Amino acid sequence: KNNVSFYHEQALRPAIEAEACYAVFSHNHPGGEMGISNEDICLTKELCATFEEAGIHVLDHIIMMPNGEFISFRDMDMMPTEYEIIDSLD
């Protein structure tokens, strides 16, 4: 089983330094598993909570496959929080 240690601060620190208002997470499944694991769901919930505490809204979590296909949590209605996405600023 593929597994990587990850600390939320590793993702949060650069977002805070960049004064980000929004974030999108992504990672890959190098083994080609097409699907969202329980670990992916837990990590997304934890990261969204961490980022929300810092005032940064998470718009999506995308999982890339080696063949170029991807899975979007937003497209699958699996994001823990929902935000209206503004297509353009008028």
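The analysis underlying the following values was restricted to heavy atoms, covering all of them including side chains, and did not include hydrogens, waters or symmetry mates. Given the structure is predicted, the values throughout are model-derived calculations rather than measurements.
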| query | Which value, rounded to the nearest 0.5 Å, describes the distance between H61 atom NE2 and M79 atom CE? | reply | 8.5 Å

| note | For S26, the side chain to side chain contact (heavy atoms under 4.5 Å, CB included) test, sequence neighbours excluded, returns I62

| said: For the CE atom of M78 and the CG atom of D40, what is their distance to the nearest 0.5 Å? | reply: 8.5 Å

| Side-chain (D60) to main-chain (S72) donor-acceptor, under 3.5 angstrom | no

| field | Check: F51 ring centre within less than 6.0 Å of F25 ring centre | value | yes

Would you be so kind as to tabulate the donor-acceptor pairs closer than 3.5 Å made by side chains of residues 11-21, with sequence neighbours excluded?
none

| said: So, taking the atom named CG in L47 and the one named SG in C42, what distance separates them when rounded to the nearest 0.5 Å? | reply: 11.0 Å

| remark: Applying side chain to side chain contact (heavy atoms under 4.5 Å, CB included) to M65 and not counting sequence neighbours gives H29, M34, I63, N67, E69, I71

| task | With side chain to side chain contact (heavy atoms under 4.5 Å, CB included) as the test, would you mind laying out the steps for V58 and Y22 before giving the verdict? | result | CA-CA 6 Å; V58 179; Y22 299 96; over 6 Å; no

